[in-house]
Enquirer: 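Sharing a structure with you now.
The chains referred to below are lettered A, B, ... by the order of the sequence lines, with proteins before strands, and numbering in each begins at 1.
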Amino acid sequence: MPFTIATWNINSIRLRLPIVERVLRERQPDVLCLQETKCIDELFPFEPLAAAGYPHVLINGQKGYHGVATISRRPIALLETRQFCGIADSRHLSARLSAGGLDILLHNFYVPAGGDEPDPEINPKFRHKLGFVDEMRAIPATSGDSAASILVGDLNIAPLEHDVWSHKQLLKVVSHTPVETESFEAMRLGGNWVDLMRQLVPADEKLYTWWSYRARDWAASDRGRRLDHIWSSANLSGRLTGIDVLREARGWERPSDHVPVIARFDLD
DNA sequence: ATGGTTGCCAAGCAA
């Protein structure tokens, strides 16, 4: 049995509990990292997730906005919930679990979207996003003989040309501006993180995890972006056996605008 | 160039 980990910006856990249960039932990931749960901790749906086989649930929620949760079939321990840029948003949760004899440090991130105007001087939300990515430099991929790291989440940046439907048309659109993509890649490489999706999908192939709600026909226009990511330390990247982007989930009833991404590893 | 949709929670704000 491989070890599998999934990430999904769910855009309200309570509204979309039925499709979360569907993914858990059909794909049975060992761990699912959720972002934008939009749910205070007291209202989090622990019981249905436990009934689905996921009794280990770690949450960092807030009212109405943001919020991350990491749910697991196997025991998992909360490490910390970090703040970034001195702003008390619920955008991070780290945890420790064991798989294949490895002690795995797992980060679940929801990076700020950054607003519409890609100018940090006039747009505080964009300034926050750039500062947030800068602060992520303090979280490198730690590893050792029996230790490894995984970082997943909605990172709200599509770094490569073919991570967006039109590189040229998105160069001035927040999520794909050079100031974002360059600092994003520098942060990833400086932290020794491996981009696992692109390890298996060639850089010249289009790859998206998000399609706007505003499209008349998201599938026909297919104007997507790869905003969701799975990274690992180098000692785990060699154990990666597969990546699934569940594009079909964008067409389900009451969908999130993001779809689940699942990584499979040759670990038990 | 503009507006297009969704969710929170009950008016805009954020995405």
Enquirer: For A/Arg91 and B/dA15, what is the distance between atoms CZ and P respectively, to the nearest whole Å?
Expert: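 Distance, rounded to whole Å: 6 Å.
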Enquirer: Is the phosphate of B/dA15 approached by A/Ser212 (side-chain N or O, under 4.0 Å from OP1 or OP2)?
Expert: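 Negative; the distance criterion is not met.
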Enquirer: Give the nucleotide from the list B/dC8, B/dA14, B/dT5 with an atom nearest to the side chain of A/Lys38.
Expert: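 Of B/dC8, B/dA14, B/dT5, B/dC8 is nearest to the side chain of A/Lys38.
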Enquirer: How about A/Arg225 and A/Ser175: does a side-chain donor come under 3.5 Å of a side-chain acceptor?
Expert: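 Indeed, the side chains of A/Arg225 and A/Ser175 share at least one donor-acceptor pair under 3.5 Å.
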Enquirer: Pick the nucleotide of DNA chain B nearest each of A/Glu36 and A/Pro255; which residue has the one closer to the 5' end?
Expert: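 Result of the comparison: A/Pro255.
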Enquirer: Would A/Arg73 and A/Tyr54 count as a cation-pi pair here, with the cationic atom under 6.0 angstrom from the ring centre and within 45° of the axis?
Expert: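 Because its charged atom sits under 6.0 Å from the ring centre and within 45° of the axis, A/Arg73 does stack over A/Tyr54.
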Enquirer: Just call it for A/Arg250: base, sugar-phosphate, or nothing, with non-hydrogen atoms closer than 4.0 Å on any strand.
Expert: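 No contact at all - A/Arg250 keeps every heavy atom at 4.0 Å or more from the nucleic acid.
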Enquirer: Distance under 6.0 Å and angle within 45° of the ring axis: does A/Arg223 meet both against A/Trp165?
Expert: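 Yes.
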Enquirer: Quick one: A/His66 NE2 to B/dC8 C1', roughly how many Å, whole number?
Expert: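 Whole-Å distance recorded here is 12 Å.
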Enquirer: When you get a sec, tell me which of B/dT5, B/dC8, B/dA15 is the closest nucleotide to the side chain of A/Tyr110?
Expert: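 The answer is B/dA15.
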Enquirer: Measure CG/A/Asn156 against P/B/dA15 and give the value in whole Å, please.
Expert: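 Between P of B/dA15 and CG of A/Asn156: 8 Å.
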Enquirer: Have a look at A/His258 and say if it touches a base, only the backbone sugar-phosphate, or nothing, with a 4.0 Å heavy-atom cut-off.
Expert: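 Answer is nothing: A/His258 stays at 4.0 Å or more from every strand.
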Enquirer: Taking atom P of B/dA15 as reference, at what distance in whole Å does atom NZ of A/Lys129 sit?
Expert: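 Going from NZ in A/Lys129 over to P in B/dA15 covers 10 Å.
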Enquirer: Between B/dG4 atom C1' and A/Arg223 atom CZ, what is the distance in whole Å?
Expert: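 Taking CZ of A/Arg223 and C1' of B/dG4, I get 12 Å after rounding.
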Enquirer: Expressed as a whole number of Å, how far does the P atom of B/dG7 sit from that of B/dG3?
Expert: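 The same atom, P, in both gives a distance of 22 Å.
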Enquirer: Using the P atom as the reference point in each nucleotide, state the distance between B/dA14 and B/dA10 in Å, no decimals.
Expert: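 My reading of the P atoms in B/dA14 and B/dA10 gives 15 Å.
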Enquirer: Would you call A/Lys206 and A/Asp222 a salt bridge, using N to O less than 4.0 angstrom?
Expert: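 Here A/Lys206 does not pair with A/Asp222 in a salt bridge, since their nearest N and O are not under 4.0 Å apart.
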Enquirer: Rounded to whole Å, please give me the gap between CG in A/Asp154 and P in B/dG7.
Expert: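 Nearest whole value for this atom pair: 16 Å.
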Enquirer: Starting from P on B/dA15, measure out to CG on A/Asp228 and report it in whole angstrom.
Expert: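 Answer to the nearest Å: 15 Å.
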Enquirer: Between B/dC13, B/dG4, B/dT6, which nucleotide gets closest to the side-chain atoms of A/Arg16?
Expert: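 Selected nucleotide (nearest to the side chain): B/dT6.
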Enquirer: Find which nucleotide of DNA chain B each of A/Lys63 and A/Asp257 is nearest to by heavy atoms, and output the residue with the more 5' nucleotide.
Expert: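 The residue mapped nearer the 5' terminus is A/Lys63.
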Enquirer: Rounding to the closest angstrom, what is the interatomic distance between B/dA1 and B/dG12 at atom P?
Expert: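 That atom pair is separated by 29 Å.
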Enquirer: Is the phosphate of B/dG7 approached by A/Arg254 (side-chain N or O, under 4.0 Å from OP1 or OP2)?
Expert: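 Result: yes.
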Enquirer: How many angstroms lie between CZ in A/Arg91 and CD in A/Gln35, if you round to the nearest 0.5 Å?
Expert: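 Reported to 0.5 Å precision, the distance equals 11.0 Å.
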Enquirer: How close or far is atom P of B/dC13 from atom CG of A/Asp89, stated in whole angstroms?
Expert: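 That distance rounds to 17 Å.
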